[in-house]
There are 2 protein chains.
Amino acid sequence: MLTYMLQVKDIPNAEILQKFADRYPQTDIKSVMTFLNLLRVGSDLSHGLNSYLAGYDLLQGRWWVLLLLMREDDLSSTPSLLAEKAGVSRATMTGLLDGLLREKLISRVHGRRDRRQILIRLTAKGQAKLDEVMPGYYQRVNLLMQALTETEALNLMSLLEKIYQRRHVFEDDPILNK
Amino acid sequence: MLTYMLQVKDIPNAEILQKFADRYPQTDIKSVMTFLNLLRVGSDLSHGLNSYLAGYDLLQGRWWVLLLLMREDDLSSTPSLLAEKAGVSRATMTGLLDGLLREKLISRVHGRRDRRQILIRLTAKGQAKLDEVMPGYYQRVNLLMQALTETEALNLMSLLEKIYQRRHVFEDDPILNK
DNA sequence: TTGACATAGTTAGGTGGCTAACTATATGCT
DNA sequence: AGCATATAGTTAGCCACCTAACTATGTCAA
């Protein structure tokens, strides 16, 4: 799932950033503004998607789990694999599956070969829920992306890719000297 | 604060999307891929920022609250204003402030004029925490953004802005017919 | 002036994240 | 065969988000 933080309504403007730059000389105002804008656009879109899904009682991560199951030829997977593909902990996945099970959108059976495993399967009701949600989702994504021409979209992808390659700067020991 | 969801490790590839497109003819594969990539880059950067902050015991939203306070000339604000500027509910802000107060990074005094109000103030300890965190934050943002030339960064901002203007497509009643 | 309405903040209860610690089952080495 | 280690899943307890309902205080107009 996509898990963001910071729903910045109020990104600092250049004036405020200048104040911070006075105290922290490392500050590069343009970099910070670009960075925060990128985060904000992603965060707002993510919130928009959520509110769309909420209209179908599909809170956040549960939708993604259903999609992961639908991708599989036998509509099945295990909690561990789902957790890995969704990028959440196994503990979180337990909670998501509990909720989906309560609404009977998935079923669970104990594994035969490996008795530690549990097999999660998309039910007919789960598939029906996706059939209800997905057309509107795709329509909205199309509408959103019509903001860009095809060339612009490719351009955006390539710019994002350049940034994405440096995503590890925030980790423990980035090489900070260029 | 920036609040994302979905930490998609596993964005569907073109082949999987084709499978979905067979069932849901609305699907425009390029649009969906661009959309999910944008969300993923934002989400991963947001997670990176978080893990950086976690190294300083500054969990997520609390950092943003400290920054909002530091912006103010008197280092002070009220829970309501902070909630609005951070884009969270007043209830959430109550919880964040409780945590910050426990660590003495802020102080709270009852308002004199309006006795419903509470005045939140950045303490010296809170300022010291920011002084510890911010230089490394700015360094990392700079390093990240050096992935783009100045022209590319401006280009990115303008592309994001075009998408941002359509952020309401996910809301209740978007005009879906062009 | 008093009663209706609005605003500030908190509390309760739900979701969705996390880590750490636990149980149960496999696996694999000696 | 038996023990160490690894893996699957759950539980407990924390943080950060939400809405709805509540208390206390202000405001304003009849």
Among C:dG16, C:dC18, D:dG9, the nucleotide that comes nearest once only the side chain of A:P79 is considered: D:dG9
Pair B:Y56 and B:W63, ring centroids less than 6.0 Å apart: no
Side-chain donor-acceptor contact under 3.5 Å, B:T34 with B:S31: no
Length of the line joining A:L97:CG and C:dG17:P, which is rounded to integer Å: 11 Å
Phosphate contact (D:dG9 OP1 or OP2) by A:T94 side-chain N/O below 4.0 Å: no
Candidate nucleotides D:dA16, C:dG9, C:dC18, ranked by approach to the side chain of B:R108 - the nearest: C:dG9
Rounded distance in Å - CH2 (B:W63) to P (D:dA16): 14 Å
Separation of D:dT19 P from A:H47 NE2 (nearest whole Å): 11 Å
Whole-Å gap separating P (D:dT23) and CD1 (B:I118): 17 Å
B:T92 side chain near D:dA16 phosphate (N/O to OP1/OP2, under 4.0 Å): no
Minimum-distance nucleotide to A:A91 side chain [options: C:dA20, D:dC15, D:dA20]: C:dA20
Below 4.0 Å: OP1/OP2 of D:dC15 and any side-chain N or O of B:R102: yes
Whole angstrom value for the distance that separates C1' of C:dA8 from CD1 of B:I120: 12 Å
Side chain of A:T78 (C-beta onward), nearest among C:dT19, D:dA24, D:dG9: D:dG9
Closest to the B:L96 side chain, choosing from D:dC18, D:dA16, C:dT15: D:dA16
Ring centre gap for A:Y138 and A:Y52 strictly below 6.0 Å: no
Nearest to side-chain heavy atoms of B:S80, which nucleotide of D:dT7, D:dC18, C:dG9: C:dG9
Distance in angstrom units between B:L101 CG and C:dG9 P, rounded: 14 Å
A:M93 CE to D:dG9 P, straight-line distance once rounded to whole Å: 11 Å
Euclidean distance, atom CG of residue B:L100 to atom P of C:dG9 [Å, nearest integer]: 15 Å
Set of residues satisfying side chain to side chain contact (heavy atoms under 4.5 Å, CB included) with respect to A:T94, sequence neighbours excluded: A:D98
5' precedence on DNA chain D between B:G99 and B:R90 (nearest-nucleotide basis): B:G99
Pairs satisfying ring-ring contact (aromatic ring centres under 6.0 Å, His included), at least one member in residues 73-118 of chain B, at least two apart: none
Closest nucleotide among C:dC18, D:dC18, C:dG9 to the B:S89 side chain: D:dC18
Shortest side-chain distance from A:D114, nucleotide among C:dA26, D:dC17, D:dA16: C:dA26
